[in-house]
Structure formats: C-alpha cells, structure tokens
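To start, the structure itself, in structure tokens.
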Amino acid sequence: MAPKSFYHFLGCIIPHRYPSIESAVKLVFKDLGLGLLDMEGATCCPAPGVFGSFDRVTWATIAARNLTIAEAGGHPITTGCNGCFASLWDANHELKHDDELRDAVNENLAVIDREFKGTIEVWHYVDALYQLAGLDKIREKVTRPFDGVRMALHPGCHWMRPKLIKQKDDSERPRIFRELCETSGATYVPYKDELICCGAGGAVRTADVKIALEFTKQKFDSLLEAGGADVIVTPCPFCELQLDLGQVEIQKHFDEEYTFDVMHVVELLALAFGHEPDEFGLATHLQYMQRKSTPAWEKLGIKVEES
Amino acid sequence: MTSAEEKTAIEIDTPDDSFVQMIKKTGGPNVQNCYQCGTCSGSCPAGSRTNYLVRLIIRKALLGLKEQCISSPELWYCTTCYTCTDRCPQDVKPTDVIKAIRNVAVAEGYMLVPHQKTALKVLEAGHAVPLEKEMWENLREKVGLERVPPNASRYPEAIEEIKKIAKKTGFDKLVAEKETQEE
Ligand code: SF4
Ligand code: SF4
C-alpha cells in the first residue's frame, strides 16, 4: 500500500544550517497531499562517510536507532539529504541482508531497550515526489513556471550509487532527478562534470576543505564552459552547502569569484508552486548571508518587493 | 634491458593474512579478480587532484600490506562517491574496501583530529553539525520554523542513548583516546 505519511528525518544540515529546505519541503508536501510527521529524538544519521569510515558497527547501530523510531510508529521515513539517505537506506538494507551485522547491532541496541526489526522503508524526497506524487500531479501544481531559466543539475552521489544496490537510476545517465526538476519549466543545461561529486563527502570536507573545494571549482568551471546557468539544483543539503557556501570559501582560498544561485529541488518546486521566496526563506542561504547579497531574482524570473 | 646490478630489492611489509581476509569479505566476492585495469583511478575525482590512487590501495590490500594501507594519509581523500564501484568491470567494490581499511586505520589510532572532533560532536550533541549557537536558532525562526527542531537538539534523552551506544561499542574510547594522545 502506498504510504501517505512519512516520518520526516531532518538530519543535521537541513534543520541546523539550511532550514529554508525544511520550510520548503513542508509547503511542497502539503500542496501534494503528502504528510510529514516529526521524528522525535532522531539524531545524526550518522554521517556515512565519517562514521561509516570510523567504525561500521557503531555507524549501523546509531542509524538503526533512528530506524527504530520510525518502526515504532509504523510509517516509512523520508529524508531530503543524500548523506542521511545513504546512512538510513544503506543501514536498513544491510541490516535486512547481513545477519551477522544485525545481531551485533541488536546486541548494542539492547542497552537502550531498542531492537531493529526491519519493518519500514526509507525514501528520499525525490522518491516520494517522483513515485508517490508523480510528475503529472506536480506539473498540475506549477503556477509559476521557470520559463527560459537555465537550470544546471547536481544530482550528487548517494541517492543513486552504488547503482547495483540502490537500483534507482542509471548513475551514468540519470534521468529521474532531471525529469523531476524539469517539471518546474526550467531548461536543463548539460555540462561535462554534472555527475562528479561536489567534494564534500567521505569526510573530505572535514579533513581538507581546500581539496573538497577543488572538486566544486571543477564543477563550476565545467558549467561555465557549457555557457553557465541561472540556477544549480541539487537533492542534497550537504551538496547545497558545498556549492552555495563553497563559493564564499573558494573566494577566500583561491581568490576566484563565482555567483551561482543554488537550490534544493524542494525549494525550486516551492517557488514553481507559486510560493514566495520569503515564505520559506530562500534568501537565508549562507552564501547570501555571508556576502550580504540576494538571489538574482531577475534571472530567476521572480518579482520581489525590495525591502 | 636493465642490468641486474642496478636493481635494488623492494622492501615490503610482512603480509598480514587477517587483513587480506577482511578485504576479501568487504570488497565483494570478486575482489580477487581485480586485474589492475585502473578504471577506478581513472574515474576517481579525488585521484585526479591528489596522490590518492585507489587501484594501488586495492593491490596493496590484497598483498596484505596493511601498515602501508592504513598509514597512508591519501586514504582520507576518497569522498565515497562510488563512481569507481559503479564502473569497475570486475565488480570489485573499491569504495567499500576503502571504508573498511579506514575502519582498521581508526582502530589502530590513525584518526585525523578534525574527524575525531566531528565524532565527539555526535556523542555530545547527537549531531555532527549541531544547532549550537543562537544565530542558527534565529535563522530557523526567520524561515518560519520553531527555534529548536524536534531532533536530538530538543530531546537530551536521545543524546544519552547515543552515549550508551558508544560506550557499548567502545567508540567513546576510540575517540577519547586520540584526544589524550594529541595533548
Ligand atoms: S576498476 Fe576494478 S578491476 Fe580495475 S583496477 Fe579498479 S578495482 Fe581493479
Ligand atoms: S568512491 Fe572514492 S575511490 Fe571511488 S571514485 Fe569516488 S573518490 Fe575515488
């Protein structure tokens, strides 16, 4: 049976650094008749590249603890972060298929009176929007199409890779995220390095921010070679942070200035559905806060009252 | 042809068989079929800008050269993007091998200080990126949300549970030991 309501797994970056995404998804899901339930006491997913790299069993146990919150309430989870998705989806999958890991994890969970049962599924916002709401219904809701707006995509990694396990999309020629973003009416702009990682994952941003930013720069340069874009859309807040705040950091470390507006797909859809940028706080992206700048409203075709 | 005199013997560590067994377990059933084609390194966005060579690490790991694998600082340049895994013609899972080697590295004390700090944050606040300062609460209010989200930032009992888990798995010691080493 298709779910109607999801436990909303927030993670860290969305609620603590890019809350406009949290606000936007509430608008978009409500417009589409999908419910979002608070997931009380959920923690860090925990970060797959960081915790998964440190100690697999601890990583799986903390992820499983989050899963048990949803199991208790009997609803699936949805998350708007590729990293959280990687932790929760992967842990759920591995725990369902690896008895040795499951036993180890349940032994650990016993100290906090919890048990992983394997009764729920984990969905990315992209899955909920694409599979559950469906593109037709989304198109019907679009009242402010982004006509003539050049849109570049950054699908990121962990929603669709590893492809043999995730079985979501062809990671060399993905189309689902693109089709979802194209419902906004914006024009898709391909560029050579669309599919490379933003550079933030795998604990690299934490270890060496300059190396992480080199990935980001490579993407930006590749996009400029393709003629540039008015907006870059991603399904992940950590990628969004890297692409958005990353521009400020690139300026600091490499003395090169890029000014791309970056949005999470639910922010793009909230605008396309006719919501005003102020309703969810688009202008609070850290790039704008730190540079004291604003989104390029004119290029995005959005009229705002200057305050 | 080079003459024999010019060649020096290659020094290698003593192969560690348990390390090889671990690699076989984590690298997918085909890990030993790695024929060093380099598709992984050729696809690797980390390898194109650093000394990190995933192909070489797979080779060294299969040879049991544990110390070389775990002590290499490049090990931490993989962003776990899984491009290599998706492209390997032999269905090896290089990303999982790298993560497994990192697990051994951390267990043996090779943990970078910034990583250790991130891990500590999860134990202290329940989040790798905590709500922390008032400015972030203000930002939430500005976008029309409650100041504190309904996650571990609002429920301290969740943090207690994380601490208990870390104590049980020994992860708290793993992170704390490093801290005393650094001081
Ligand atoms: S792509 Fe696969 S077979 Fe080729 S070197 Fe890398 S791990 Fe080995
Ligand atoms: S997963 Fe790591 S090793 Fe593989 S291509 Fe990505 S950065 Fe390179």
Side-chain angles (χ1 to χ4, degrees), chain A residues 10-13 15-17 19-20 22-23 38-44 46-58 61-62 65 107-109 111-112 114 157-158 161-164 171-172 195-197 199-204 206-208 211-212 214-215 218 279-281 284 289, chain B residues 45-46 49-50 76-83 85-87 91 93 95 98-100 102-103 106-107 111-112 114-115 117-119 121-122 126-132 136 139-140 142-145 149-155 157-159 161-162 164-171 174-175:
Chain A
L10 298 171
C12 301
I13 309 277
H16 299 160
R17 296 295 181 273
S20 52
E22 186 179 334
S23 244
D38 281 353
M39 201 166 157
E40 291 173 3
T43 62
C44 182
V50 182
F51 268 68
S53 292
F54 294 169
D55 182 40
R56 179 170 177 250
V57 175
T58 303
T61 306
I62 297 178
R65 177 191 168 276
E107 203 191 307
N108 295 335
L109 286 177
V111 301
I112 53 169
R114 290 180 185 270
C157 304
H158 294 110
R161 295 196 195 117
K163 68 174 178 210
L164 288 178
S171 61
E172 300 292 343
L195 298 181
I196 75 160
C197 167
V204 173
T206 316
D208 190 337
I211 294 286
E214 279 187 30
F215 284 62
Q218 181 182 334
E279 264 181 271
F280 61 92
T284 62
M289 302 293 279
Chain B
R49 65 194 81 253
T50 67
W76 296 94
Y77 284 138
C78 165
T79 63
T80 68
C81 74
Y82 285 95
T83 309
T85 302
D86 279 4
R87 291 187 184 166
D91 289 339
K93 298 191 270 179
T95 320
I98 296 300
K99 281 173 87 171
R102 285 178 171 185
N103 274 223
V106 166
M111 190 188 225
L112 303 179
H115 287 155
K117 287 193 174 135
T118 305
K121 278 188 188 157
V122 176
H127 290 280
V129 182
L131 188 59
E132 238 166 11
W136 302 119
L139 196 70
R140 289 183 56 81
K142 210 168 164 183
V143 306
L145 295 167
N151 55 17
S153 304
R154 191 189 296 172
Y155 296 95
E157 54 272 35
I159 303 168
E161 290 193 17
I162 298 299
K164 281 184 189 159
I165 290 172
K167 191 163 178 228
K168 173 76 171 61
T169 65
F171 191 75
L174 207 61
V175 187

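Predicted model only: the values in this text are computed from it and were never measured. Within every chain, numbering begins at 1; the chains are lettered A, B, ... in the order of the sequence lines, protein sequences first and strands thereafter.
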Requested in this report: May I ask you to check whether over 12 heavy atoms, not counting those of A:Lys163, lie within 6.0 Å of atom NZ?
Outcome: yes
Query raised in the report: Of the backbone (N, CA, C, O) and the side chain (C-beta and beyond), which part of A:Asp208 lies under 4.5 Å from a heavy atom of chain B, both, or neither?
Result: side chain
Query raised in the report: Measuring from B:Lys164:NZ to A:Ile112:CD1, what's the distance to the nearest 0.5 Å?
Result: 8.0 Å
Report task. Side chain from CB out, backbone as N, CA, C, O: work out which of these in B:Tyr82 comes under 4.5 Å of a heavy atom of chain A, or both, or neither. Result -> both
Query raised in the report: What part of A:Arg65 is in contact with chain B, defined as an atom under 4.5 angstrom from a non-hydrogen atom: side chain, backbone, both or neither?
Result: side chain
Query raised in the report: Given the options B:Lys93, B:Lys167, B:Lys99, B:Glu157, which has more heavy-atom pairs under 4.5 Å with chain A than any of the others?
Result: B:Lys99
Query raised in the report: So A:Glu22 and B:Arg140, salt bridge (Lys or Arg N to Asp or Glu O under 4.0 Å) or not? Walk me through it.
Result: CA-CA 9 Å; A:Glu22 186 179 334; B:Arg140 289 183 56 81; 2.8 Å; yes
**Report entry** Region of A:Val111 in contact with chain B, defined by heavy-atom distances below 4.5 Å
**Finding:** both
Query raised in the report: Where on A:Phe54 is there a heavy atom nearer than 4.5 Å to chain B: the side chain, the backbone, both, or neither?
Result: both
Query raised in the report: For A:Arg114, is it the side chain, the backbone, both, or neither that has a heavy atom closer than 4.5 Å to a heavy atom of chain B?
Result: side chain
Report summary line: From the list A:Pro15, A:Ser171, A:Cys197, A:Ser20, the residue making the most non-hydrogen contacts under 4.5 Å with chain B is A:Pro15
Report task. Side chain from CB out, backbone as N, CA, C, O: work out which of these in A:Glu279 comes under 4.5 Å of a heavy atom of chain B, or both, or neither. Result -> backbone
Query - Exercise: identify the closest heavy-atom pair between B:Thr79 and A:His158 - result: O-CE1, 4.4 Å
**Report entry** Least distance between heavy atoms, A:Ala42 atom then B:Asn151 atom
**Finding:** O-CB, 3.2 Å
Query raised in the report: Using a cut-off of under 4.5 Å for heavy-atom pairs, which of B:Thr85, B:Leu131, B:Thr169 has the most such pairs with chain A?
Result: B:Leu131
Query - Which atom of B:Thr118 lies closest to which atom of B:Ala128, heavy atoms considered - result: CG2-CB, 3.8 Å
Query raised in the report: Parallel, tilted or perpendicular: which fits the ring planes of B:Trp76 and B:His115, with parallel below 30° and perpendicular above 60°?
Result: tilted
**Report entry** Option that, when pairs with chain A are counted at under 4.5 Å, heavy atom only, ranks first among B:Cys78, B:Ala107, B:Ala100
**Finding:** B:Cys78
Requested in this report: Return the minimal non-hydrogen interatomic distance between A:Arg161 and B:Asp86, and the atom names on each side.
Outcome: CG-OD2, 3.1 Å
Query raised in the report: Would you call B:Lys168 and A:Glu107 a salt bridge, using N to O less than 4.0 angstrom?
Result: yes
Query raised in the report: Given that the side chain runs from C-beta out, which part of B:Thr83 has a heavy atom under 4.5 Å from chain A: side chain, backbone, both or neither?
Result: both
Query - Pick from A:Leu195, A:Ile196, A:Asn108 with the largest number of heavy-atom pairs that fall under 4.5 Å of chain B - result: A:Asn108
Query - Partner chain B: residue of A:Gly49, A:Pro46, A:Gly41, A:Ala207 with the largest heavy-atom pair count (under 4.5 Å) - result: A:Gly41
**Report entry** Residues A:Met289, B:Leu139; criterion side chain to side chain contact (heavy atoms under 4.5 Å, CB included); working and verdict
**Finding:** CA-CA 10 Å; A:Met289 302 293 279; B:Leu139 196 70; 3.6 Å; yes
Query raised in the report: Measuring heavy-atom distances to chain B, does A:Ile211 have an atom under 4.5 Å in its side chain, in its backbone, in both, or in neither?
Result: both
Query - Atom group of B:Glu132 that falls short of 4.5 Å from chain A, counting heavy atoms - result: side chain
Query - B:Ala46, part contacting chain A, at a heavy-atom distance under 4.5 Å - result: both
Query - Closest contact, heavy atoms only, A:Ala203 versus A:Val50 - result: CB-CG2, 3.8 Å
Report summary line: Of the listed B:Ala119, B:Pro130, B:Ser153, B:Pro149, the one with the largest count of heavy-atom pairs under 4.5 Å with chain A is B:Pro130
Query raised in the report: Do you know which of A:Ser23, A:Pro162, A:Gly52 has the most heavy-atom pairs under 4.5 Å to chain B?
Result: A:Pro162
Requested in this report: With a 4.5 Å cut-off on heavy-atom pairs, point out which of A:Gly281, A:Ala200, A:Gly201 contacts chain B the most.
Outcome: A:Gly201
Requested in this report: Sort out for me which of B:Leu145, B:Val129, B:Ile165, B:Asn103 touches chain A most, counting heavy-atom pairs under 4.5 Å.
Outcome: B:Asn103
Query raised in the report: Out of B:Gly144, B:Pro114, B:Gly170, which one racks up the most heavy-atom pairs below 4.5 Å with chain A?
Result: B:Pro114
Report task. Indicate whether the side chain of B:Thr95 and that of B:Thr80 have a donor and an acceptor atom separated by less than 3.5 Å. Result -> no
Query - Heavy-atom pair with the smallest gap, counting every atom of B:Gly126 and A:Thr43 - result: O-CB, 3.2 Å
